[in-house]
Structures are given as C-alpha cells and as structure tokens.
Novice: 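Structure below; questions to follow.
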Amino acid sequence: MTNDEQDAAGSEAARRWRLVLGQDAALPLQLEAADAAIDGALHALYGTGSDTRQGGLGGSAPRVARWLGDIRQYFPSSVVQVMQKDALDRLGLQQMLCEPEMLAAVEPDVHLVATLLSLNRVMPNKTRSTARMVVARVVEELERKLAAPMRQAVAGSLNRAARNRRPCHQDIDWLRTIRANLKHYQADYETVIPETRIGFARRGRSLRDIVLCVDQSGSMASSVVYASVFAAVLASIRTVSTSVVVFDTAVVDLTPMLSDPVEVLFGTQLGGGTDINRALGYCQQLVTRPRETIFVLISDLYEGGNRAEMLSRAANLVGSGVQVVALLALDDSGAPSYDRANAAALTAMGIPCFACTPDLFPDLMAAAIQKQSLEQWASQAGIVRA
C-alpha cells in the first residue's frame with residue numbers, strides 16, 4: 001500500500017469513528033457538508049444529554065417528519081427501521097402515538113399525517129385505529145378545502161375540451177358550428193359553409209385519462225398526502241378516468257382504493273429507495289389513449305434505478321402524444337431539493353418540471369385538460385421552473 005493509499009484509509013477510518021462516536025467525540029476532524037448532515041440526524045436521536053440520552057427533535061411533528069425523511073436519504077431501509085423503532089422509545093413518539101388523548105389534543109396537519117404514515121410499519125396494532133382517525137381528520141379537512149376548487153376547475157375545462165373539431169354527423173352541435181362559421185356565409189347560396197365543425201362529446205366516455213405516478217420515498221411524504229386526496233377527488237369525476245400509482249423500489253397500483261383516500265394513504269409505504277424507471281414501465285401499460293392522457297410524475301427525480309432507461313421511457317411517453325408533467329413537489333414547504341441533471345434532461349425533451357403548491361394544482365390540471373402549454377401556465381402563475 002502506498003503512502004497516499006495509507007493516508008486515504010486513515011482519513012476514512014477517522015471519518016467513520018467520528019460519525020460513530022458522535023458530536024461529543026474528541027476527534028479534531030472537520031466533517032464535509034454531507035457527513036455533517038448525517039451526523040446531525042444521528043445526534044438528534046442518539047446525542048447524549050446530562051443524564052439520559054435524548055434527541056433534539058422535540059415534539060414538533062413537522063420536525064420529526066423532516067428527520068424521518070433525512071434518515072431515509074442517508075441510510076439503507078434496514079437501518080432506517082431500527083432508527084424509527086429507537087425514535088419511538090427515545091424521543092417520546094411511542095407515548096404520542098399510543099395515547100388517544102394526546103393525539104386528540106394536537107392539531108393534526110399534513111406533517112403529522114406524514115409522520116404517522118412513515119411509522120406505519122413499526123406502529124403498534126392498538127395504535128392503528130387512533131392513527132387512522134387522525135389521518136381521516138386531516139384528509140377530511142383537505143377535501144373540504146381542495147375538492148370544490150378541483151371539481152370546478154376540471155369540470156369547466158372539460159366542458160371546453162368536450163367540443164371536438166371532428167365530430168360524427170349525429171354529434172354535431174349545430175348552434176355552435178353555425179356561430180363559428182358565420183364568417184364563411186355565402187350570399188349567393190344563402191348558406192354557411194361549415195369549415196369548422198364543433199361537436200358534443202360522446203356521453204358515457206371519459207374525456208381524459210389521468211395517471212398520477214407518485215414517489216413515496218421519505219422526502220416526498222407531504223406530496224404523497226396531497227396527491228392521495230387529489231386522486232380521490234379526480235376519481236369522483238366521471239368524465240375523467242384516474243389511476244394512481246405509488247413507487248419506491250417497488251410499484252403499487254392503488255387505483256382500486258380511490259374511493260377512500262385514507263385507504264390510499266395507508267396503502268403507501270413511505271421510505272425505501274427510488275426506481276422511477278420501473279414506475280414508468282408499469283405506467284406505460286396504463287396508457288391506452290396517448291393523446292387523451294395526462295401523466296403526472298410527482299417525484300424529486302433522484303433515480304436509484306436505470307437512469308438511461310428512465311429517460312428513454314419518458315421520451316417514449318412524450319413521443320406517443322401523452323401530456324407529461326413532472327412535479328418536483330406537491331406541497332407548500334418551499335423550494336424542494338431535486339436532481340437537477342434529470343430535471344434538465346426531462347425539460348429538454350419537452351416535459352415541464354416544477355414544484356406546485358396544492359392550491360395551484362386544480363388550475364394546473366385544468367390547463368392540462370385544455371392542452372395548454374404548461375410552461376406558459378407555470379410562468380403566468382409565477383412558478384419558477386427547473
């Protein structure tokens with residue numbers, strides 16, 4: 001082993017010991033930014049207090065949710081599960097989750113729901129019913145706030161989109177067709193030449209197919225909550241056909257559960273890695289009418305699978321006529337962290353990439369249904385694109 005190799009091995013050993021021993025270790029080693037973030041996540045759980053070990057997360061649900069997202073980013077799923085169990089014991093989360101009185105006293109919000117879903121795998125059975133009631137309260141509030149704007153925006157855009165320009169004879173809307181062609185009135189023949197025909201949409205058939213493909217890795221927890229609620233609302237609109245697929249390294253189709261958004265949320269398994277390529281491969285099978293399909297990928301685009309194949313699948317979707325949009329986040333927590341290289345690659349093939357707040361999502365879907373330019377819509381809405 002050369003001197004350089006020995007120095008590198010010594011530096012790596014010192015780094016590992018520093019992370020193992022924690023912030024109280026008397027090691028003169030300056031951690032890089034990535035290692036400092038890992039060290040902070042470990043210290044929050046295993047840092048030593050004066051008499052007992054205590055973390056630095058306190059009782060704040062948003063803070064706990066962010067910490068749970070951090071540890072999934074830094075550690076493999078097997079280690080994450082151990083740390084979650086330790087968090088239940090060390091940070092008092094076990095008490096919060098096991099006492100209905102405490103859960104009833106707190107103000108439920110999206111972050112708390114994300115926390116409960118993140119801990120779903122290690123949650124005691126006697127707690128699940130309480131957790132489900134808390135999640136149901138938040139979902140009910142979100143539906144009350146978001147459902148009406150969503151239905152109104154989608155219904156209005158569908159009414160406009162329903163007018164097609166190549167109707168069969170029995171589907172022609174003669175009044176609107178005449179109005180649209182008055183400029184083609186022929187005085188000699190005393191008639192209107194209908195250059196453009198406007199028809200009614202066929203009844204009983206969905207006008208748009210919407211596929212929501214949602215990244216359920218820990219960093220996307222809040223987005224999963226909002227996406228589940230919106231998916232349930234869209235599923236209640238008969239003139240659109242809605243599918244919802246969640247993924248990490250596995251892919252799960254939750255479309256059969258869309259009648260109950262709470263069931264959709266408990267069908268997710270927050271955590272694990274990310275395989276966007278596999279998710280796109282599954283969703284390609286759901287596309288039967290490419291030019292009438294809106295595909296919404298909700299992901300921070302950090303790909304753990306085959307990147308080249310993922311980009312190829314995205315290009316195929318666009319090439320077939322599918323309207324694709326990549327939402328880097330669907331929440332109101334500010335600028336998200338995302339893979340800039342993948343965002344740039346998707347943007348180059350015509351897929352707009354930006355974060356979207358829940359209050360703007362109905363307008364986004366309305367614009368997509370009308371086949372407007374989503375880049376232009378984002379600019380008009382003041383959204384900064386990737």
Novice: State the CG-OG distance between Asp275 and Ser217, to the nearest 0.5 angstrom.
Specialist: 12.0 Å

Novice: Could you check Glu140 against Lys145 for salt bridge (Lys or Arg N to Asp or Glu O under 4.0 Å), going step by step and ending with a plain yes or no?
Specialist: CA-CA 9 Å; Glu140 182 180 356; Lys145 176 182 177 182; over 6 Å; no

Novice: Nearest 0.5 Å, please: how far is CE in Met220 from CD in Gln216?
Specialist: 11.0 Å

Novice: Check Glu303 against Asn342 and note the closest heavy-atom contact, atom names and distance.
Specialist: CB-ND2, 3.9 Å

Novice: Please step through side chain to side chain contact (heavy atoms under 4.5 Å, CB included) for the pair Val110 and Asp331, ending with a clear verdict.
Specialist: CA-CA 9 Å; Val110 171; Asp331 60 34; over 6 Å; no

Novice: Give a yes or no on whether the ring-centroid distance for Tyr226 and Phe361 is below 6.0 angstrom.
Specialist: no

Novice: Checking Gln372 side chain against Leu374 main chain: does a donor-acceptor pair fall under 3.5 Å?
Specialist: no

Novice: Locate the shortest heavy-atom distance separating Thr242 from Ala235; write the atom from each residue and the value.
Specialist: OG1-N, 3.8 Å

Novice: Asp209 and Val287: side chain to side chain contact (heavy atoms under 4.5 Å, CB included), yes or no, with the steps?
Specialist: CA-CA 8 Å; Asp209 297 335; Val287 178; over 6 Å; no

Novice: Check the pair Arg208 / Thr293 against side chain to side chain contact (heavy atoms under 4.5 Å, CB included), numbers first and verdict last.
Specialist: CA-CA 6 Å; Arg208 294 287 186 272; Thr293 299; over 6 Å; no

Novice: Taking the side chain as every heavy atom from C-beta outward, state whether Pro261 and Leu265 have any atom pair closer than 4.5 Å.
Specialist: no

Novice: With a 3.5 Å distance limit and no angle check, can you tell me whether Glu263 reaches the backbone of Met257 through a side-chain donor-acceptor pair?
Specialist: no

Novice: Do you know which two heavy atoms are closest between Val262 and Ala136, and how far apart they sit?
Specialist: CG2-CA, 3.8 Å

Novice: Determine yes or no for a side-chain-to-main-chain donor-acceptor pair under 3.5 angstrom, with Ser223 supplying the side chain and Leu330 the backbone.
Specialist: yes

Novice: Under 3.5 Å, side chain of Arg278 to main-chain N/O of Thr249, donor-acceptor pair present?
Specialist: yes

Novice: Leu360 versus Trp377: any side-chain heavy-atom pair under 4.5 Å?
Specialist: yes

Novice: With a 4.5 Å cut-off on side-chain heavy atoms, are Asp215 and Tyr302 touching?
Specialist: no

Novice: Work out which heavy atom in Pro336 is nearest to a heavy atom in Ala329; give both atom names and the distance.
Specialist: CB-CB, 3.9 Å

Novice: For the pair Gln323 (side chain) and Arg291 (backbone), establish whether a donor and an acceptor sit closer than 3.5 Å, ignoring hydrogens and angles.
Specialist: no

Novice: Set out, in order, the CA-CA distance, both residues' side-chain angles and the distance that settles side chain to side chain contact (heavy atoms under 4.5 Å, CB included) for Leu327 and Leu297, then state yes or no.
Specialist: CA-CA 6 Å; Leu327 297 186; Leu297 173 63; over 6 Å; no

